[in-house]
Amino acid sequence: MNKLGNIKSCTLGELMIYQIALSIEDGILAFHGFGSPLVQLALHLAKRNHAPNLVLVAGATYGINPTPAFLTPTTNDFAMNRDAECHLSIEELFDLAASGRLGRMFLSGLQIDCWGNMNVTRLGNDERLTLKLPGGGGGCNLSSDADHVTIWTAAHRTHADNLGRRRYRLVNRCDFVTSVGHRTADGLPRASMPYRGGGPDSIVTDLGIFNFNHEGHAQLRYLYPDTSIELVAESTEFEFPVADDLSTAALPEPALIELIRRLDPLKIHERELSQDDRGRTFELDGV
Amino acid sequence: MYTQTDKRCTLTELVAHIQSGDCLAIGGGLSWREPMAALRELIRQGIKDLKLIGSAHGIDVDMLCGAGNVAVSAESYVGFEQDFGMALNYRRACESGTVKVEDNCCYTLVQQLRAAIQGLPFMPIRSVQGTDFLKLHPEFKTMTCPFTGEQLVLVPALKPDVALIHAHYADEHGNLHIEGPPVADILFAKAAKKVIATVEALIPHQELANKGVTIPYFYVTALCEVPYGTHPTSCYPRYAYDREHTKLYYQAAKNGADNFRDNYLNPFVYGCKDHASYLNLIGGQTKLIRLEQWKDGIDQWMQLYE
């Protein structure tokens with residue numbers, strides 16, 4: 001208990017992990033993909049907290065309900081897959097999604113538009129590719145097939161260059177649509193597409209959390225203790241509505257913070273955060 | 001059907017089954033069980049203009065791009081995750097136009113391989129529509145399902161010319177045993193025209209049968225025993241991922257294409273006449289023993305990532 005008593009604040013990473021975890025329902029099958037330590041930790045946190053019946057499918061290994069020895073920076077690693085209860089094959093995981101049995105998927109993008117469409121394929125236009133991104137893995141397929149999608153990015157904040165220009169993460173338009181949100185880039189609603197799943201229901205960022213309104217447009221739902229609507233707007237290329245019940249996101253309890261630290265002794269999740277963001281901490285209530 | 005009783009050959013002979021211009025499916029995934037020794041031999045043999053297909057890959061595809069062996073990439077992901085980030089040789093090759101970008105997605109690829117395995121011209125898929133992958137793949141068609149009226153995407157059968165796989169064990173006949181995640185290897189093996197495999201160890205058939213046959217012998221064209229053949233990627237449970245070497249690789253790639261050639265390809269690929277000299281160069285027994293010590297405890301395991 002002494003250990004917990006010493007925890008008087010949480011980091012930005014821990015707040016984001018907790019908030020991603022809160023999007024995970026008990027009893028569903030969820031998959032964390034690869035290259036996503038914040039999400040990997042969120043799934044393990046959810047499973048050990050409010051979602052004990054979660055069918056946790058580890059990315060890359062397709063192991064079910066593993067107990068990682070520690071978080072590694074590479075996802076297809078035996079350390080991540082330790083004591084998995086059983087295993088899927090690559091086709092089985094995607095079949096489960098295609099047949100409507102993947103409850104939630106987690107996706108990110110180097111560009112994210114107001115409908116939740118995302119780009120992880122390339123920057124530039126069809127004629128000229130200016131930056132080749134790593135690619136989307138199975139995100140394209142799962143954005144259509146998963147029941148629900150949690151979007152996350154730890155790089156929402158932009159900084160203006162000396163000419164005042166910004167390279168936004170939350171953009172007006174994706175240069176390439178790798179995964180689909182609530183409307184096509186041309187505004188066609190998701191309901192007119194033959195997708196199985198319901199699309200994204202939140203965007204958890206380093207500045208706050210959006211949900212999606214009835215039009216399928218991102219709206220600001222939660223701020224963090226050190227952010228404001230103006231700060232979020234400054235780093236967001238598209239204009240966004242603000243929810244009537246805008247509030248400050250809840251911080252994790254000390255026991256959950258301690259669990260995150262135990263799961264990730266090498267602090268791999270901090271690699272998703274900018275250098276400045278690694279220093280952001282939030283005082284817990286009542287300490 | 002590959003029915004010869006003894007599939008064994010040298011690494012040079014094995015890799016010579018790949019022709020310039022082939023569609024090549026590389027087994028493994030990310031930092032796990034990439035057939036790296038065979039890929040280094042492929043570079044030494046100067047096999048060019050390959051079309052690569054796969055799900056999530058890293059150093060394997062990046063190294064071939066850096067050495068100029070690739071014409072088209074139809075991978076779903078090529079990178080070093082949160083470990084080192086973007087795959088720099090791959091990026092340079094795509095951005096300069098020397099590698100044509102035909103990115104694909106995991107399930108789309110799975111369905112294309114399944115069509116090939118089942119002898120069908122295509123498989124339907126519900127996803128992909130509404131994305132820009134349709135622009136990258138004009139060969140994908142859409143149709144209205146005659147049963148449900150839904151609009152579906154049809155993706156054509158994909159039959160790689162060669163699947164290159166590293167397995168843990170094989171018998172002489174070519175039965176393969178893979179421990180841990182097979183990733184897409186089984187699909188590749190069943191869909192491809194030829195399967196060539198490197199293996200950690202050749203063992204008698206009965207011993208292999210007791211472990212379980214992951215890929216039956218008649219899919220397998222040829223094989224070669226290459227211990228530590230996936231270094232610097234992992235081949236658990238035998239050895240872990242060599243992060244230290246991968247960092248050295250990444251630094252060389254970071255300092256430009258010429259630097260990568262001078263400081264990585266020249267010493268570790270062209271300068272090594274065979275796999276034994278490569279193993280010696282990366283640190284020999286001392287290094288290999290350290291990579292095997294992951295099983296001695298979590299502290300030893302974690303040290304490999306520091």
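Here is the naming used below: chain letters follow the sequence lines, and residue numbers restart at 1 for every chain.
- No other option in B:Gly58, B:Gly79, B:Cys105 has as many heavy-atom pairs under 4.5 Å with chain A as B:Cys105.
- Between chain B and the residues A:Cys140, A:Gly137, A:Gly135, A:Gly138, the largest count of heavy-atom pairs under 4.5 Å involves A:Gly137.
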Taking atom types as modelled, which donor-acceptor pairs link chain A and chain B at under 3.5 angstrom?
{"unit_1": "A:Gly35", "atom_1": "N", "unit_2": "B:Glu81", "atom_2": "OE1", "d": "3.1"}
{"unit_1": "A:Gly35", "atom_1": "O", "unit_2": "B:Gln82", "atom_2": "NE2", "d": "2.9"}
{"unit_1": "A:Thr75", "atom_1": "N", "unit_2": "B:Glu81", "atom_2": "OE1", "d": "3.0"}
{"unit_1": "A:Thr75", "atom_1": "N", "unit_2": "B:Glu81", "atom_2": "OE2", "d": "3.1"}
{"unit_1": "A:Thr75", "atom_1": "OG1", "unit_2": "B:Glu81", "atom_2": "OE1", "d": "2.3"}
{"unit_1": "A:Asp77", "atom_1": "OD1", "unit_2": "B:Tyr236", "atom_2": "OH", "d": "2.8"}
{"unit_1": "A:Asp77", "atom_1": "OD1", "unit_2": "B:Tyr305", "atom_2": "OH", "d": "3.3"}
{"unit_1": "A:Asp77", "atom_1": "OD2", "unit_2": "B:Tyr236", "atom_2": "OH", "d": "3.3"}
{"unit_1": "A:Asp77", "atom_1": "OD2", "unit_2": "B:Tyr305", "atom_2": "OH", "d": "2.1"}
{"unit_1": "A:Asp95", "atom_1": "OD1", "unit_2": "B:Tyr107", "atom_2": "OH", "d": "2.7"}
{"unit_1": "A:Asp95", "atom_1": "OD1", "unit_2": "B:Arg114", "atom_2": "NH1", "d": "2.9"}
{"unit_1": "A:Asp95", "atom_1": "OD1", "unit_2": "B:Arg114", "atom_2": "NH2", "d": "3.4"}
{"unit_1": "A:Asp95", "atom_1": "OD2", "unit_2": "B:Arg114", "atom_2": "NH2", "d": "2.6"}
{"unit_1": "A:Ala98", "atom_1": "O", "unit_2": "B:Arg126", "atom_2": "NH1", "d": "3.4"}
{"unit_1": "A:Asp126", "atom_1": "OD2", "unit_2": "B:Lys135", "atom_2": "NZ", "d": "3.1"}
{"unit_1": "A:Lys132", "atom_1": "N", "unit_2": "B:Glu95", "atom_2": "OE2", "d": "2.8"}
{"unit_1": "A:Lys132", "atom_1": "NZ", "unit_2": "B:Tyr90", "atom_2": "OH", "d": "3.4"}
{"unit_1": "A:Lys132", "atom_1": "NZ", "unit_2": "B:Asp103", "atom_2": "OD1", "d": "3.4"}
{"unit_1": "A:Lys132", "atom_1": "NZ", "unit_2": "B:Asp103", "atom_2": "OD2", "d": "2.9"}
{"unit_1": "A:Pro134", "atom_1": "O", "unit_2": "B:Val78", "atom_2": "N", "d": "2.9"}
{"unit_1": "A:Gly136", "atom_1": "N", "unit_2": "B:Ser76", "atom_2": "O", "d": "3.1"}
{"unit_1": "A:Gly137", "atom_1": "N", "unit_2": "B:Ser76", "atom_2": "O", "d": "2.9"}
{"unit_1": "A:Gly137", "atom_1": "O", "unit_2": "B:Cys106", "atom_2": "N", "d": "3.2"}
{"unit_1": "A:Asn141", "atom_1": "OD1", "unit_2": "B:Tyr107", "atom_2": "N", "d": "2.9"}
{"unit_1": "A:Asn141", "atom_1": "ND2", "unit_2": "B:Thr108", "atom_2": "OG1", "d": "3.1"}
{"unit_1": "A:Asn141", "atom_1": "ND2", "unit_2": "B:Ser127", "atom_2": "OG", "d": "3.0"}
{"unit_1": "A:Val177", "atom_1": "N", "unit_2": "B:Asp132", "atom_2": "OD2", "d": "2.6"}
{"unit_1": "A:Val177", "atom_1": "O", "unit_2": "B:Asp132", "atom_2": "N", "d": "2.9"}
{"unit_1": "A:Tyr195", "atom_1": "OH", "unit_2": "B:Gln129", "atom_2": "O", "d": "2.6"}
{"unit_1": "A:Arg271", "atom_1": "NH1", "unit_2": "B:Gln82", "atom_2": "O", "d": "3.4"}
{"unit_1": "A:Arg271", "atom_1": "NH1", "unit_2": "B:Asp83", "atom_2": "OD1", "d": "3.3"}

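- Of the listed residues A:Ala79, A:Ala84, A:Gly136, A:Ala98, the one with more heavy-atom pairs under 4.5 angstrom with chain B than any other is A:Ala79.
- When heavy atoms are compared at a cutoff of 4.5 Å, B:Leu136 approaches chain A solely by way of its side chain, counted from C-beta outward.
- Contacts between A:Leu142 and chain B at a heavy-atom distance below 4.5 Å are absent for every atom of the residue.
- At a 4.5 Å heavy-atom cutoff, the contact between B:Val128 and chain A is made by backbone and side-chain atoms alike.
- Nearest approach of B:Pro181 to A:Phe78, heavy atoms of both residues: CD-CE1, 4.1 Å.
- At a 4.5 Å heavy-atom cutoff, the contact between B:Leu187 and chain A is made by side-chain atoms alone.
- Atoms CD1 and SG, from A:Ile90 and B:Cys106 in turn, are 5.0 Å apart once rounded to the nearest 0.5 Å.
- Neither the backbone nor the side chain of A:Leu188 comes within contact range of chain B, judged by heavy atoms closer than 4.5 Å.
- At a 4.5 Å heavy-atom cutoff, B:Leu113 makes no contact with chain A through either its backbone or its side chain.
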